Amino acid sequence: MIKSGMEDVIACQSDICRIEIENGRAILEYRGYDIHDLAKHSCYEEVAYLLLFGELPSKSELEYFKAELADKRELPPQIIGLLTHLPPITHPMVVLRTAISYLGSMDKYIHHRSYEKSIEKAKSLIAKFPTIVAYYHRIRTGQNLVHPNDDFDHAANFLYMLHGEEPSWTSIKALDLDLILHADHELNASTFAARIAASTMADMYASVVAATGTLMGPLHGGAAQKVMEMLREVAVPWRAEEYVKEKLERKERIMGFGHRVYKKTMDPRTIELKVLAKKLADEKEPKWYEISEAIAEAVYKLKGLLPNVDFYSASVYANLGIPDDLFINIFALGRIAGWTAHIIEQYENNRLIRPRALYTGGKNKHYVPIEERD
Ligand code: CMC
């Protein structure tokens with residue numbers, strides 16, 4: 001018998017991300033650096049550099065990388081036209097993957113997969129993701145575009161473009177940390193999708209579109225938006241246990257709980273996000289965190305499940321003033337660094353990913369011409 005969902009299958013070798021459970025504690029490292037150290041000391045651009053190049057940058061390398069990203073933030077007018085013409089009810093993740101495809105059509109090196117060209121494409125995508133999301137949001141809500149501002153780093157610039165005002169230090173640090181925590185996670189479904197596409201030697205845009213489409217599902221990045229729906233539905237902490245009980249009785253999933261890899265151990269990203277959610281709750285609106293805590297307690301009591309990375313992200317984003325349907329996009333703003341690093345790694349040491357299926361259908365059937373069938 002095979003385990004469904006490729007559970008525990010080692011599908012490739014990678015130098016990018018280590019997830020291991022050691023003595024009951026989950027270890028998560030990007031290129032050998034512990035996620036808690038990165039969360040404490042790093043910034044998103046430094047982590048993106050680390051994922052792409054394999055080493056931490058020097059001070060001058062980081063400054064240069066930040067400037068390169070800042071330089072690539074603006075969108076070609078055709079993409080702004082696309083964002084304007086898409087129906088305003090289009091989900092921002094559908095917009096993102098459509099815009100990535102369109103960006104590919106404008107890259108004359110789209111089919112070049114050399115290391116140098118791939119790194120250039122990766123930088124461009126990392127830089128442009130926030131602009132696509134912020135521009136589309138402002139267009140669909142009838143607001144003027146706020147163009148990228150070179151004075152701001154990556155996270156600050158996104159909040160500035162989205163809200164049209166200088167973000168607070170607390171909000172900048174919170175989003176920056178969130179992006180670090182979402183930057184990579186080994187062979188999660190979207191990264192695997194990206195690697196499968198890259199293994200056919202598809203171009204980087206196509207591979208990122210595959211990843212973006214995969215991230216959107218509610219069992220993956222789509223969970224954060226669903227968590228927010230749940231927080232709104234529960235509305236007050238004291239209703240959490242009843243809500244969870246009823247859902248479990250109906251055999252429904254509680255979004256933001258459970259994980260394929262972290263079964264009995266807390267996801268290290270959740271530990272960081274919980275602290276962040278509490279900090280924002282203390283400084284801003286406490287309601288969402290309080291309801292989250294009540295739900296987490298009830299789910300653990302009634303089903304023994306732990307919250308995953310998407311759970312506390314919801315109350316963090318709500319306190320950053322991010323609309324619910326942009327939550328998955330925020331995940332993508334972080335994960336694009338990991339996706340592109342994995343695509344490049346796949347290109348560099350490629351073999352087509354083509355597993356087999358255990359056939360369970362009928363065999364050796366006798367073909368009856370259509371005129372002779374009853
Ligand atoms: N709510 C209720 N029951 C659950 C949940 C949940 N969220 N997750 C797992 N279970 C139960 C499941 O019903 C099964 O119970 P039983 O043995 O009694 O039948 C048991 O736990 C094992 O579940 P599974 O489906 O075999 O676990 P999996 O490894 O295939 O699924 C998962 C992992 C993340 C898809 C699943 O936990 C889930 O659906 N969670 C809710 C969606 C979610 O939060 N997704 C975000 C995942 S983490 C970040 C990311 O990738 O974006």
Side-chain angles (χ1 to χ4, degrees), residues 1-9 11 17 19 21 26 28 30 35 93 96 178-195 210-231 233-234 240-274 276-277 292 294-317 324-339 342:
M1 264 312 274
I2 55 160
K3 278 193 194 172
S4 63
M6 293 183 78
E7 183 169 355
D8 294 333
V9 170
C17 183
I19 308 173
I21 314 293
L28 170 59
Y30 297 164
I35 194 70
M93 279 301 282
L96 183 62
D178 180 85
L179 296 179
I180 292 172
L181 298 172
H182 283 86
D184 195 48
H185 204 235
E186 200 220 45
L187 278 200
N188 59 90
S190 57
T191 303
F192 190 41
R195 289 193 77 128
T212 316
T214 309
L215 180 70
M216 196 179 170
L219 296 190
H220 192 4
Q225 187 179 335
K226 297 276 178 202
V227 170
M228 199 62 220
E229 280 170 24
M230 170 169 70
L231 299 184
E233 215 179 316
V234 173
E241 185 161 341
E242 183 193 339
Y243 172 93
V244 170
K245 193 164 172 278
E246 284 173 10
K247 256 192 129 43
L248 291 175
E249 277 168 4
R250 291 196 301 270
K251 303 262 176 253
E252 287 174 19
R253 300 226 154 189
I254 319 283
M255 290 296 145
F257 288 87
H259 197 278
R260 177 61 62 78
V261 181
Y262 309 110
K263 294 274 187 205
K264 295 283 168 211
T265 38
M266 188 71 102
D267 180 338
R269 301 167 301 172
T270 309
I271 297 171
E272 294 286 343
L273 279 163
K274 182 177 168 170
L276 179 61
S292 303
I295 294 174
E297 210 174 289
V299 175
Y300 192 72
K301 180 177 155 191
L302 300 173
K303 187 76 185 171
L305 288 171
L306 294 167
N308 59 46
V309 69
D310 288 308
F311 185 64
Y312 290 103
S313 297
S315 56
V316 167
Y317 300 158
D324 300 9
D325 66 354
L326 291 190
F327 285 13
I328 319 172
N329 294 69
I330 307 298
F331 193 146
L333 299 196
R335 189 56 57 86
I336 180 62
W339 287 336
H342 279 271

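Atoms within a ligand are numbered from 1 in the order they appear, just like the ligands themselves. Every value quoted in this text rests on a predicted model; they were computed, and no experiment measured them.
In this structure, atom 48 (S) of ligand 1 lies nearest to the protein heavy atom His259 CD2, 3.4 Å. The closest protein non-hydrogen atom to atom 50 (C) of ligand 1 is His220 ND1, 3.2 Å. Scanning the protein for heavy atoms near atom 46 (C) of ligand 1, the closest one is Asp310 OD2, 3.2 Å.
The aromatic ring centres of His185 and His220 sit 6.0 Å or more apart.
Side-chain N or O atoms of Thr214 include one that pairs as donor or acceptor with a backbone N or O of Ala210 at under 3.5 Å. Between the side chain of Arg335 and the backbone N or O of His182 there is at least one donor-acceptor pair closer than 3.5 Å. Checking side-chain atoms of Thr265 against main-chain N and O of Tyr262 turns up no donor-acceptor pair under 3.5 Å. With hydrogens and angles ignored, the 3.5 Å screen pairs no side-chain donor or acceptor of Asn308 with any backbone N or O of Leu306.
Near Leu305, with a cut-off below 4.0 Å to any heavy atom, the atoms of ligand 1 are 1 (N), 2 (C), 3 (N), 4 (C), 5 (C), 6 (C), 8 (N), 10 (N). Within ligand 1, counting atoms from 1 as listed, the ones closer than 4.0 Å to a heavy atom of Gly221 are 52 (O). Less than 4.0 angstrom separates some heavy atom of Val309 from each of these atoms of ligand 1: 49 (C). The contact set between ligand 1 and Lys263, taken as ligand atoms under 4.0 Å from a residue heavy atom, comprises 27 (O), 29 (O). Which parts of ligand 1 touch Phe331 is read off a 4.0 Å heavy-atom cut-off, strictly below it: atoms 52 (O). The distance from ligand 1 to the heavy atoms of Gly256 drops below 4.0 Å at these ligand atoms: 43 (C), 44 (O).
Among Ser190, Ser4, Pro218, Gly258, the residue whose heavy atom lies nearest to atom 34 (C) of ligand 1 is Gly258. Distances from atom 11 (C) of ligand 1 to the heavy atoms of Lys303, Lys251, Arg335 put Lys303 nearest. When Arg260, Lys3, Arg269, Arg253 are checked for heavy-atom proximity to atom 23 (O) of ligand 1, Arg253 turns out nearest.
Residue contact annotation: His185 has no non-hydrogen atom under 4.0 Å from ligand 1. Not a single heavy atom of Gly5 sits closer than 4.0 Å to an atom of ligand 1. In this structure, Ile254 counts as a contact residue of ligand 1, since one of its heavy atoms falls inside 4.0 Å of the ligand.
Rounded to the nearest 0.5 Å, atoms OH (Tyr312) and CG (Leu181) are 14.5 Å apart. Rounded to the nearest 0.5 Å, atoms NZ (Lys274) and CG (Asp267) are 13.5 Å apart.
Considering backbone and side-chain atoms together, Phe257 places an N or O closer than 3.5 Å to an N or O of ligand 1. Of the N or O atoms in Ala223, none lie within a sub-3.5 Å distance of an N or O in ligand 1. Among the atoms of Met255, none of the N or O lies under 3.5 angstrom from an N or O of ligand 1.
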- Worked verdict on Glu241 versus Lys245 for salt bridge (Lys or Arg N to Asp or Glu O under 4.0 Å): CA-CA 6 Å; Glu241 185 161 341; Lys245 193 164 172 278; over 6 Å; no
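For atom 19 (O) of ligand 1, the nearest protein heavy atom lies 4.0 Å or farther away. Protein heavy atoms come within 4.0 Å of atom 13 (O) of ligand 1.
The environment of NZ in Lys263 is crowded: more than 12 heavy-atom neighbours from other residues, nucleotides or ligands sit within 6.0 Å.
Side-chain contact, Tyr317 with Asp324: no donor N or O sits under 3.5 Å from an acceptor N or O. Side-chain atoms of Ser313 and Asp310 form no donor-acceptor pair, as typed in the model, at a separation below 3.5 Å.
Remark: Glu297 does not engage Lys301 in a salt bridge, criterion side-chain N to carboxylate O under 4.0 Å.
Closest of all the heavy-atom pairs between Phe257 and Ala296 is CZ-CA, 3.7 Å.
Residue-level proximity to ligand 1 for Leu219 is carried by backbone and side chain together, each with a heavy atom below 4.0 angstrom.
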